Q: 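Before anything else, here's the structure in question.
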Amino acid sequence: MKRRASFHNLGCKVNSYETEAMMQQLRKAGYEIVPFGEAADVCVVNTCTVTAVADRKSRQMLHRAREKSPGAVIVAAGCYVQDAEAVLRADPDVDLLIGNEGKSRLAQILDGWFAGREAEAVCRISDVREYEELGMSGTHEHTRAFVKIQDGCNQFCTYCMIPYVRGRVRSRKKEEVLREIALLAGDGFREIVLTGIHLSSYGLDFRGERARLTTPYADEAETNEDLLALIREAAAVPGVSRIRLGSLEPGIMTETFVRELSRIPEICPQFHLSLQSGSDGVLARMKRRYRTADFAEKCALLRQYFSAPAITTDLITGFPGETEEEFTETEAFVRKIRFAKTHIFPYSRRKGTEADRMKDQVPDAVKKSRSARLIALDEENRRAFAASFIGSETEVLFEEPKETGGARFLTGHTREFVPVYAVCAEDLSGQTARCCGTALAEDGALLVRICREEEAHS
């Protein structure tokens, strides 16, 4: 009888990619994959530790796995494992620990466990220097496939645990990336999203030991030719019509880099530039490698070379020492840049980081109030950006049908990643069509009509 395995993922798109890779690995090893919460022989929780809330959710899901499958092997994997190994070893609900460099060996580790052998896979992540190839061969996404090309970060911003739990920059070989993209395109995926922990540093480790310790790309020292070359070749893979980039550091946006991106027709004009604060004082305490004037310059470059690109970002509220004046500077900067979407996070103290030891920690109530103000501003900006497509044509990649209030819609996204609803009798999932924006839905999505259905193509 096949062993049954379930998975639960927490955290970022990189974690999602790795969870799917582990699922494929066990499926190939003969396991039956069942939904998390059903009775299983193995339960894997791919954890996150970016905030205290993520830590708590990671523990909750491990305990829930034990509750739903009392006799299962409970596996804690990923970032929280690297940060809280001792805590998890003491947890009676957790059987196996797998860090961020053992996921490719999940099936092998489980074989050892069931054979009664010692089976642990937590290493000193700071010592790891090579990219761990996970061997992905597909995805359960509908039309958009994420491809991990890089791991680790060398930045050490004062608030962030990522360099401590993900290690230093490690890039995936271009040949492996292109092989995976070709497989995905062959399976009918039209849009490829290149993702990583610190995407802007892709290829840095290919340049030798000295480069391992610094990240010049984030400081605008030079254009990242390694990433640019990979993007060009990924866009040229037969069957790929869209290339989307994950989160980038502002410094990577040199004029050369932006100009060359604009010459690649497959590039989606949606750029997620990590801001974190619109106050230069806060940015300095965060040890971010730019100031607001630099960030604004990069946004202007993108708008120079792309017609109405979507610029999205992340913001942290209530960083230690953030005054009302500094927060007001952030609000003003967000209004100035006119982001298409903003992800907002109250600052979360992370033990072991420099910010955790800073004085003038901001009360939770203040963080919550400031987050609410930015969320309201984001709603305003997001709806304004979506509304800018009303009355004009845009390309939509349709994803799946949806029924709301008895009405049937097709859902999808524009190249700028604006969510779209279209009334259409035919299921065009996985196909693109020229559409005309007509209005905004209640949730801020763009309502469209298909301009010429005969132009929809697979």
Side-chain angles (χ1 to χ4, degrees), residues 9-19 21-22 46-51 54 77-85 97-105 121-136 146-174 176-177 180 193-219 221 224-227 230-231 245-252 272 274 276 286-289 314 350 352-354:
N9 184 73
L10 293 154
C12 62
K13 293 298 183 183
V14 170
N15 256 24
S16 297
Y17 175 94
E18 293 169 348
T19 296
M22 289 190 286
N46 198 12
T47 64
C48 177
T49 191
V50 71
T51 65
C79 292
Y80 185 54
V81 174
Q82 292 289 166
D83 183 48
E85 180 180 353
L97 305 182
I98 298 179
N100 276 325
E101 281 296 306
K103 295 173 182 177
S104 65
R105 295 183 288 114
V122 185
C123 67
R124 280 175 54 91
I125 196 70
S126 60
D127 294 338
V128 177
R129 290 292 182 265
E130 299 297 327
Y131 180 89
E132 180 186 39
E133 186 60 56
L134 291 169
M136 279 276 280
F146 290 83
V147 175
K148 180 185 171 187
I149 69 169
Q150 178 276 336
D151 207 337
C153 179
N154 295 355
Q155 297 291 84
F156 289 93
C157 298
T158 60
Y159 55 83
C160 189
M161 283 297 298
I162 295 304
Y164 303 100
V165 298
R166 281 283 179 174
R168 304 300 179 268
V169 168
R170 305 178 303 285
S171 304
R172 190 178 184 187
K173 292 178 181 177
K174 182 169 65 174
E176 289 298 324
V177 175
E180 186 172 317
V193 185
L194 301 181
T195 189
I197 294 299
H198 195 262
L199 199 63
S200 300
S201 294
Y202 176 80
L204 183 68
D205 49 324
F206 296 156
R207 300 185 170 210
E209 189 63 35
R210 185 169 179 269
R212 294 182 194 276
L213 305 177
T214 59
T215 311
Y217 301 138
D219 288 332
N224 186 336
E225 292 291 349
D226 298 291
L227 181 56
L230 177 61
I231 293 169
L245 303 178
S247 179
L248 296 165
E249 288 290 306
I252 197 174
H272 189 87
S274 184
Q276 308 303 358
M286 290 178 167
K287 290 190 177 176
R288 299 294 287 170
R289 303 186 180 198
D314 301 313
R350 304 279 77 205
T353 62
E354 189 175 336

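Since the model is a prediction, treat every value here as computed from it, not as a measurement.
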Q: Glu101 and Arg170: side chain to side chain contact (heavy atoms under 4.5 Å, CB included), yes or no, with the steps?
A: CA-CA 11 Å; Glu101 281 296 306; Arg170 305 178 303 285; 3.1 Å; yes

Q: Roughly how far, to the nearest 0.5 Å, is the OG1 atom of Thr195 from the CD1 atom of Ile149?
A: 8.0 Å

Q: Quick check: does any side chain N or O of Glu180 sit under 3.5 Å from a backbone N or O of Val147, one acting as donor and the other as acceptor?
A: no

Q: Assess whether a salt bridge exists between Arg172 and Glu133, defined as any Lys/Arg side-chain N lying under 4.0 Å from an Asp/Glu carboxylate O.
A: yes

Q: When you check the side-chain N and O atoms of Ser104 and Glu132, is any donor under 3.5 Å from an acceptor?
A: yes

Q: Taking only Lys NZ, Arg NE, NH1 and NH2, and the carboxylate oxygens of Asp or Glu, determine whether Glu18 and Arg166 approach each other closer than 4.0 Å.
A: yes

Q: For the OG atom of Ser200 and the CD atom of Glu249, what is their distance to the nearest 0.5 Å?
A: 5.5 Å

Q: Would the distance check show the side chain of Asn100 and the main-chain N or O of Val165 forming a donor-acceptor pair, the cut-off being under 3.5 Å?
A: yes

Q: Starting from the C-alpha separation in whole Å, work towards a yes-or-no answer on salt bridge (charged side-chain N to carboxylate O under 4.0 Å, His left out) for Arg168 and Asp205.
A: CA-CA 9 Å; Arg168 304 300 179 268; Asp205 49 324; over 6 Å; no

Q: With a 4.5 Å heavy-atom cut-off, do Leu227 and Ile252 have their side chains touching?
A: yes

Q: I need the Lys148 NZ to Tyr131 OH distance, nearest 0.5 Å.
A: 4.5 Å

Q: Closer than 3.5 angstrom, by distance alone: can the side chain of Gln150 be matched with the main-chain N or O of Ser201 as a donor-acceptor pair?
A: no

Q: Is a side-chain donor or acceptor of Asp83 paired with a backbone partner of Thr49 at a separation under 3.5 angstrom?
A: no

Q: For the residue pair Leu204 and Asp226, establish whether any side-chain heavy-atom pair is separated by less than 4.5 Å.
A: no

Q: Could you tell me whether the side chains of Asp314 and His272 share a donor-acceptor contact shorter than 3.5 Å?
A: yes

Q: Looking only at side chains, do Thr51 and Arg350 share a donor and an acceptor under 3.5 Å apart?
A: no

Q: Find out whether Cys157 and Glu354 are in side-chain contact, i.e. whether some heavy atom of one side chain is under 4.5 Å from a heavy atom of the other.
A: no

Q: Would you say that Ile162 contacts Ile197 through its side chain, given a criterion of any heavy-atom pair below 4.5 Å between the two side chains?
A: yes

Q: If you measure from CG on Asp151 to OH on Tyr17, what distance do you get to the nearest 0.5 Å?
A: 11.0 Å

Q: Please walk me through it: do Ser16 and Thr19 pass side chain to side chain contact (heavy atoms under 4.5 Å, CB included)?
A: CA-CA 5 Å; Ser16 297; Thr19 296; 5.7 Å; no

Q: State, yes or no, whether a side-chain contact exists between Leu10 and Tyr80 at a heavy-atom distance under 4.5 Å.
A: no

